[in-house]
2 protein chains.
Amino acid sequence: MKRTKSRATSFDVAALAGVSQSAVSRAFTPGSSIAEDKRAKVLEAARMLNYVPNSIASSLTTKRTNIIALILGNMHNPFYVHVLNEFSRRLQGLGRQILIFTVDPGSESDDAILRALQYQIDGVILTAAQLSTRMTSICHERGIPIVLFNRYIPGSDASGVRCDNVGGGRLIAEAFLAAGAKSFAMITGDPKGTTSQDRVRGFVERLMEEGVRRSEIEEVPGHSSYDGAASAALSLFAARSRPRPDALFGINDIMAMGAIDALRHRLGLRIPDDLMVGGFDDIPEARRAPYKLTTVRQPIDQMVARTLELMHLDEPDRPIERGIDLPLPSRLVWRGTVPVPPAFRAAAAEAAAADRPESG
Amino acid sequence: MKRTKSRATSFDVAALAGVSQSAVSRAFTPGSSIAEDKRAKVLEAARMLNYVPNSIASSLTTKRTNIIALILGNMHNPFYVHVLNEFSRRLQGLGRQILIFTVDPGSESDDAILRALQYQIDGVILTAAQLSTRMTSICHERGIPIVLFNRYIPGSDASGVRCDNVGGGRLIAEAFLAAGAKSFAMITGDPKGTTSQDRVRGFVERLMEEGVRRSEIEEVPGHSSYDGAASAALSLFAARSRPRPDALFGINDIMAMGAIDALRHRLGLRIPDDLMVGGFDDIPEARRAPYKLTTVRQPIDQMVARTLELMHLDEPDRPIERGIDLPLPSRLVWRGTVPVPPAFRAAAAEAAAADRPESG
DNA sequence: TTGAAAGCGCTAACAA
DNA sequence: TTGTTAGCGCTTTCAA
């Protein structure tokens, strides 16, 4: 069978309904002035012809496509999968579509943004990668809001939403200290990203307040991946002269999980008996039986909501606010990888209760 | 600062470059006839004005948007995350963009497709949900290919790519038999989906060939999720009069993982000593130390490649082929959740070697 | 409330 | 190889 290529246009519908083409347009535009019976006739004709309004054509005049570009870096980190899900759910609810771009983590996102711009997207959400100031200003010149998710770029005009990473790092340090840890190590993520840097900073800062010397806190890069963290952990613990650390901070959950698996199954370490481990993000996987990871929860829902607010999708003519940095509070979730000190028993019990059903 | 809303058009570029507007169009159209020096002038002017061609406008005449709609159901299953990644990588390589829609697993995808149609997408990839024949014919009428990924719908005009699920189910049965299992159980997925049905069918079929009676194969629904499978497994093993099965088939990896975790950590079962477990998909998580899941590998790369081929993106006028069902071969990956019989030692060693680095 | 008509930014004949 | 011109399918004045 051949393609009929029969896409009915508003003119076809108008002809069938016996009205003008503009009437058809009005019938499909909420809040435009058209008589109810006429609208009904149009809708009926449209149904008969399988007419679907052409958003591409309408955006040519309205200057709005209702498309948002979502630029994703590391999809291998489940955190971003949940972020994508949440954005998708909400944006669809707002009648917006998502044009997706995946870029290599750590690489420039300029290319992706440029391609997005060709599609006259109404906004850009960037969850990854670097952003040049040139690209930022190109977007802003055109009135296209661009907001960074889970990161900020110092000195950038782009606004961003993230959680309080420094505070979160402190929470983990606090938990380790309360559990009696004496020597510390961490597996870090992208060294160029503020997210990893801030978590490290908060963690170190808090430890130093208790008299721990920076040189005593071991640090090894885990490349933000499960496997990277697994080898990092092994290199940290395998053969060593100095005493093993008794507390390990994985800068994100997926790395903490990689470290836990490697340490347990390759080196036979018991957690938390031999080593306590803390993570960051609180991805759903962190609750699972093999991990029961004590971690810092990022308020994804809130972060997504604030991101959308920052874009002001329904006020397209509003001047774009520059360089807003919106840090949201994070909180510690006590689970099984850090021994729970008496003072935190209640919090731990609460977390355990909340963990019962995994949403998904 | 206010929005300048200054999007340069091809006319602006033409004026600055001192050429006609069509020259600008040509300068940006690969393979169109334009003098090299003229093109250079145009490009230079474009750069100065931060001009980005408006694909939305061009698609009005070309009838091609280079946008593909990707409709995703269960994003909580990592399998689909990897699928998304692969589609994104390849489609971006082909100069196509992905408009993403997430729908509730099991629900109609008609809504999403209708919204996609408004954007004049060049094709639809459906990884989830039901598809009405009405929607199929609407797409086909318009010359828009729609291809089902990892599923087929009996009697549907839509084409699809999937793996040989029946054969895969047989492979797991085969492995269980070779390992000496005598009693069997399975955790099933979406009862309306052919994917789950076929895997079950192959599994059962093979067992029955060996004289196992259908009524002896226990079956419990796991709702395609980690948590669903965890409770399913518990209900299967917790309190029971008849002897426990000694082999459990999780219709997909994420359910096999949920079952393993629950059985190990809640009931203290040892795997594979007390119970052997088989999965399906071979998601990257299946290789991880806590699981080392013996499973059936779906050839994602091939499936994605064939899906794209079926869409014939570069021959938009080609008649759409109807109802093609393309089953690709699947293969067993021996790991640690099924005791490896001597005959399969080599295969198991090979799998272990291949597992070393996780891509990601 | 309605219809006619002028664009939106581009591509694609067509002539030059 | 060029420029001119006529649309693509819609929204949006503007008059009626």
Side-chain angles (χ1 to χ4, degrees), chain A residues 5-43 45-46 49-67 117-122 142-143 316-317, chain B residues 5-43 45-46 49-67 117-122 142-143 316-317:
Chain A
K5 281 298 177 63
S6 73
R7 312 192 189 189
T9 73
S10 54
F11 281 94
D12 301 326
V13 176
L16 180 59
V19 300
S20 74
Q21 179 271 337
S22 14
V24 177
S25 173
R26 292 187 180 110
F28 282 93
T29 306
S32 68
S33 66
I34 181 173
E36 210 27 78
D37 59 324
K38 179 164 281 195
R39 147 175 278 133
K41 262 201 311 204
V42 169
L43 260 27
L49 296 174
N50 281 334
Y51 169 74
V52 176
N54 183 333
S55 317
I56 255 48
S58 75
S59 67
L60 209 50
T61 22
T62 60
K63 308 287 185 205
R64 321 220 54 229
T65 53
N66 290 326
I67 297 176
L117 285 177
Q118 300 190 195
Y119 285 87
Q120 315 299 115
I121 38 87
D122 292 344
R142 304 174 158 238
D317 294 324
Chain B
K5 282 296 175 66
S6 72
R7 312 193 189 188
T9 73
S10 54
F11 281 95
D12 302 327
V13 176
L16 180 59
V19 299
S20 76
Q21 179 271 337
S22 20
V24 177
S25 173
R26 291 187 179 110
F28 282 93
T29 307
S32 68
S33 65
I34 182 175
E36 210 28 78
D37 58 324
K38 180 164 281 194
R39 146 175 279 131
K41 260 202 312 202
V42 169
L43 261 27
L49 296 174
N50 281 335
Y51 168 75
V52 177
N54 183 334
S55 320
I56 255 44
S58 75
S59 68
L60 209 50
T61 22
T62 59
K63 309 287 186 202
R64 321 221 54 229
T65 52
N66 290 326
I67 296 176
L117 285 177
Q118 300 189 198
Y119 285 88
Q120 314 299 113
I121 38 85
D122 292 343
R142 306 172 159 241
D317 294 325

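Below, chain A is the first sequence line, B the second, and so on; all start at residue 1. These numbers were taken from a predicted model, which means no experiment stands behind them.
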Here the distance between atom C1' of dG3(D) and atom CZ of Arg39(B), to the nearest Å, is 17 Å
Whole-Å distance, Asp37(B) CG to dT2(D) P, equals 7 Å
Value for CD1 (Ile34(B)) from OG1 (Thr29(B)), rounded to nearest 0.5 Å, stands at 9.0 Å
On DNA chain D, more 5' by nearest nucleotide between Leu60(A) and Ala23(B) is Ala23(B)
B/S/- along nucleotides 11-16 of chain D (protein heavy atoms under 4.0 Å) is BBB---
note: Glu36(A), atom CD; dT2(C), atom C1'; distance rounded to Å ~ 15 Å
Residues at least two apart in sequence or cross-chain that pass salt bridge (Lys or Arg N to Asp or Glu O under 4.0 Å) with Arg26(B), listed by chain then number, are none
Exercise for the section: Please check the phosphate of dC8(C) (OP1 and OP2 only) for any side-chain N or O of Lys63(A) closer than 4.0 Å. Expected result: no
The nucleotide from dC10(C), dT2(D), dC10(D) with an atom nearest the side chain of Asn54(B) is dC10(C)
Atom CZ of Arg64(A) and atom C1' of dC10(D) are separated, to the nearest Å, by 17 Å
- Query: Is the phosphate of dG9(D), meaning OP1 or OP2, less than 4.0 Å from a side-chain N or O of Thr9(A)?
  - Reply: no
May I ask you to verify if any side-chain N or O of Tyr119(A) is less than 4.0 angstrom from the OP1 or OP2 atom of dG9(C)?
no
In whole angstroms, the gap separating P of dC8(C) from CZ of Phe11(B) amounts to 9 Å
Tyr51(A) OH to dG9(D) P, in whole Å, measures 10 Å
Give a yes or no on whether the backbone of Arg142(B) and the side-chain of Arg7(A) come within a donor-acceptor separation of less than 3.5 Å.
yes
**Q.** Heavy-atom check, side chain of Val13(A) versus side chain of Val42(A), under 4.5 Å
**A.** yes
*Taking the six-membered ring for Trp, are the ring centroids of Tyr119(A) and Tyr119(B) within less than 6.0 Å of each other?*
no
Leu49(B) atom CG is separated from dG9(C) atom C1', nearest whole Å, by 15 Å
Notebook entry, point to check: Can you check whether Gln120(B) reaches Ser59(B) side chain to side chain, under 4.5 Å on heavy atoms?
Noted result: no
Quiz item: Are any side-chain N or O atoms of Ser55(B) and backbone N or O atoms of Gln118(A), one a donor and one an acceptor, separated by less than 3.5 Å?
Solution: yes
